[in-house]
Amino acid sequence: MNRIEKLFLNQKYKFDFNIEINDDFFQAELQLTPSEIKVEIYGEIKARQNSIFFKRKIDSLSGGDFFTKFVLHGLNLIHYSSKSLPKRNRGSFFKAVFAVDYVLYADSQLSIADSYHNFKIDSPSFNHWLGHTAKQMECLDRGQSDAEFIVLSDGFHLVGGYSYHTGYSALKGYEELHPRLCGYFHSEVCFTDLTDTLNDTIGIFSFLYGSDLEILSITSSDKISEKNISIYFQTEKLKCHHEFKAILFPFSEQFLSEVGDDSPPNLDVVSDFFSLDKGEREYYKKYLKYMKMNNPEDTFLGLFRLLERCSYIKENYVDSVVLDGFIKRSLLLLEEEAFKCNAKSIKKLMGRISGERGLNSQKLSTEACISKKMKLIPNLNNENWKYTPSNLNEICKLRNDISHANDFSTVGILEKSKFVEAVLVFLLLQLVGISAETSFSTVKRLDGYYLLKNSVE
């Protein structure tokens, strides 16, 4: 059997190895495909012995053979069967089948308790997103690897750069640059923190790219041994667009000049993304998720829910400064002997009136919130959109009809979905610090943007 140095996410693999638990060995057969990761575990369980394989969910298992080591994360039971052995009190023979979320693979020792220092993403889409840059020519002229950009964040930093290689064919020599996106943690992290950061990184760059990144492989290592660890997970559900489709927000000076932004390309967008709270970072991944749905009604509802969250606005009935002054004067009046009111009760009452959760504040209707956010879009009146703040009720009514199983017409649902997507993408770009002008120019690059506009007679 040929030894495999690295796992590729678009390839299929099959491995047989042993799993050791409390000095007991079990046979495992692992199947890796882009559409499914499945492991079959079978062996003998002694009488009155509790087995981990009875569980519906197992966090992690490790195993391997002489040449390869594995760690499996996120196991969910699919099937379990057992058969009693003939002799009395011999126990039983079992077979358990689990679906697996992540597989770690290496040709050296691996442990569930391992910590990780970095990750490296090999992606043709990342290469396409970078485009042609001056740094690439510098690398080729000097004949060495270099970084295109470095993004600093809390606890780690990202490096987008090129690995320089030379080689020889039968007739001539050649040189190549392999773009790669790498993340380096300032201190080693556990597997959960590794995958959280990895998924966030893939999420923001997929959003900037305009669809899921095509990923060939992902590797990681620790800080001491620097062993090469492959990370394998399902990729069939990823929808990567054709290389000739417009990139949403490319890393390109030419693109920025086209939209009237004279600033050089920078990745403050990415550092601003990682400064968002976890819930806000999920918006970008959920946007991609809803855009992949086959049912247009599901896509519309998903995008609308995200737009609701991004456009949430609360306002006060009365100016809070004025109200607070009135409340202070009222407190003095109510505490006078003529009213004989308890001071503690008075403060509770006033607290319910004022404050962030008090009766003075109100959440605006969804229609009003979206309308206010649309006012941030520059020169929108010149775009001749079918939907404007004046007819948002059609959009909101469709959302309510679908949610409450009312009768509704599917005529124009694609146009309505594209409108919701356009406003949502504008707000998501604003959330990571992109100017209103550049954000709106970027929205115009959305696939199907023409659906938003009234036809010209």
Side-chain angles (χ1 to χ4, degrees), residues 203 206-207 210-212 237-239 241 248 279-317 357 359 361-377 380-431 436 439-440 442-457:
S206 294
F207 173 76
S211 72
D212 290 318
K237 294 181 180 179
L238 300 180
K239 288 191 177 181
H241 66 46
L248 183 63
E280 290 175 321
R281 294 198 301 271
E282 286 295 315
Y283 294 164
Y284 298 82
K285 289 179 275 188
K286 287 181 178 179
Y287 161 71
L288 294 169
K289 172 186 173 182
Y290 294 137
M291 289 304 299
K292 290 183 289 189
M293 290 183 169
N294 295 322
N295 188 323
E297 297 168 18
D298 293 336
T299 298
F300 174 82
L301 277 181
L303 293 176
F304 194 95
R305 291 190 189 102
L306 280 181
L307 180 57
E308 277 187 298
R309 291 190 180 185
C310 289
S311 57
Y312 181 86
I313 298 174
K314 288 185 74 173
E315 289 188 348
N316 293 328
Y317 292 102
R357 296 185 178 183
L359 298 174
S361 64
Q362 62 162 337
K363 175 194 176 298
L364 298 185
S365 68
T366 300
E367 185 176 334
C369 289
I370 297 174
S371 178
K372 280 182 173 289
K373 292 294 184 181
M374 287 184 68
K375 292 178 181 178
L376 301 174
I377 302 177
L380 180 58
N381 293 335
N382 299 333
E383 287 299 306
N384 196 27
W385 277 15
K386 293 178 181 178
Y387 299 101
T388 65
S390 62
N391 59 0
L392 282 175
N393 60 308
E394 294 181 38
I395 304 291
C396 296
K397 184 178 184 305
L398 177 60
R399 181 261 187 192
N400 293 333
D401 287 342
I402 296 175
S403 298
H404 299 104
N406 298 331
D407 291 335
F408 64 92
S409 172
T410 57
V411 175
I413 193 170
L414 295 181
E415 290 86 346
K416 290 181 173 68
S417 288
K418 189 56 61 177
F419 164 79
V420 174
E421 180 191 0
V423 180
L424 172 63
V425 169
F426 175 83
L427 295 179
L428 291 176
L429 291 166
Q430 290 266 279
L431 197 58
S439 294
F440 191 41
T442 302
V443 166
K444 296 177 185 178
R445 299 170 65 86
L446 287 172
D447 188 32
Y449 178 76
Y450 67 92
L451 293 170
L452 284 173
K453 308 187 74 172
N454 287 305
S455 57
V456 180
E457 297 294 338

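Here, residue 1 is the first one in the sequence, and each next residue gets the next number. In what follows, every heavy atom counts, from backbone to side chain, and hydrogens, waters and symmetry copies are set aside.
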- Item | Atom pair SG (Cys396) and CD1 (Ile370), whose distance is rounded to the nearest 0.5 Å | 5.0 Å

- Pick out which of Val420, Thr366, Ile395, Val425 makes a side chain to side chain contact (heavy atoms under 4.5 Å, CB included) with Leu307. Val420

- Measuring from Thr442:OG1 to Leu429:CG, what's the distance to the nearest 0.5 Å? 5.5 Å

- Query: Which heavy atom in Lys373 sits nearest to a heavy atom in Cys310, and how many Å separate them?
  - Reply: CE-O, 3.8 Å

- Query: Can you tell me how far the NZ atom of Lys292 sits from the CG atom of Leu288, to the nearest 0.5 Å?
  - Reply: 6.5 Å

- Item | Member of Tyr387, Phe300, Phe426, Phe304 meeting the ring pair (Phe, Tyr, Trp, His ring centres under 6.0 Å) criterion with Phe419 | Tyr387

- Note on the structure: Taking every heavy atom of Gly203 against every heavy atom of Lys285, the minimum-distance pair comes out as CA-CG, 3.9 Å

- Applying side-chain contact (heavy atoms from CB on, under 4.5 Å), name anything that partners Asp298, two or more places apart in sequence or on another chain. Met293, Asn295

- Ser417 to Leu303 - nearest heavy-atom pair and separation: O-CD1, 4.0 Å

- To the nearest 0.5 Å, atom CZ of Arg309 lies from atom SG of Cys369 at 14.5 Å

- All side-chain contact (heavy atoms from CB on, under 4.5 Å) counterparts of Tyr449, not counting sequence neighbours: Glu383, Trp385, Phe440, Val443, Lys444, Leu452, Lys453

- Message: Lys416: which residues meet the salt bridge (charged side-chain N to carboxylate O under 4.0 Å, His left out) condition with it, sequence neighbours left out?
- Response: none

- State, to 0.1 Å, how close Ser311 and Leu427 come at their nearest heavy-atom pair, and which atoms those are. CB-CD1, 4.2 Å

- Query: With sequence neighbours excluded, what pairs up with Lys286 under the salt bridge (charged side-chain N to carboxylate O under 4.0 Å, His left out) test?
  - Reply: none

- Give a yes or no on whether the backbone of Ile413 and the side-chain of Thr410 come within a donor-acceptor separation of less than 3.5 Å. no

- Please, which pairs that meet salt bridge (charged side-chain N to carboxylate O under 4.0 Å, His left out) have at least one residue in residues 402-414, sequence neighbours excluded? none

- Query: Is atom NZ of Lys289 surrounded by more than 12 heavy atoms (other residues, nucleotides or ligands) closer than 6.0 Å?
  - Reply: no

- Asp212 and Ser206: which non-hydrogen atoms are nearest, and at how many Å? CA-OG, 3.9 Å

- Mind checking whether Lys418 and Tyr450 have side chains closer than 4.5 Å, heavy atoms only? no

- Query: Rounded to the nearest 0.5 Å, what separation is found between the CD atom of Glu415 and the CG atom of Asn454?
  - Reply: 10.5 Å

- Pairwise side-chain contact, Asn391 with Lys386, heavy-atom cut-off 4.5 Å (strictly under): no

- Message: Suppose the criterion is salt bridge (charged side-chain N to carboxylate O under 4.0 Å, His left out): which pairs have a residue in residues 393-403, not counting sequence neighbours?
- Response: Glu308-Arg399, Lys397-Asp401

- Query: So how far is it from Leu414 CG to Glu421 CD, rounded to the nearest 0.5 Å?
  - Reply: 11.5 Å

- Message: What I'd like to find out is whether the side chain of Leu424 reaches to under 4.5 Å of the side chain of Tyr283, using heavy atoms alone.
- Response: no

- Note on the structure: Correct closest heavy-atom pair for Tyr287 and Leu306 would be N-CD1, 3.5 Å

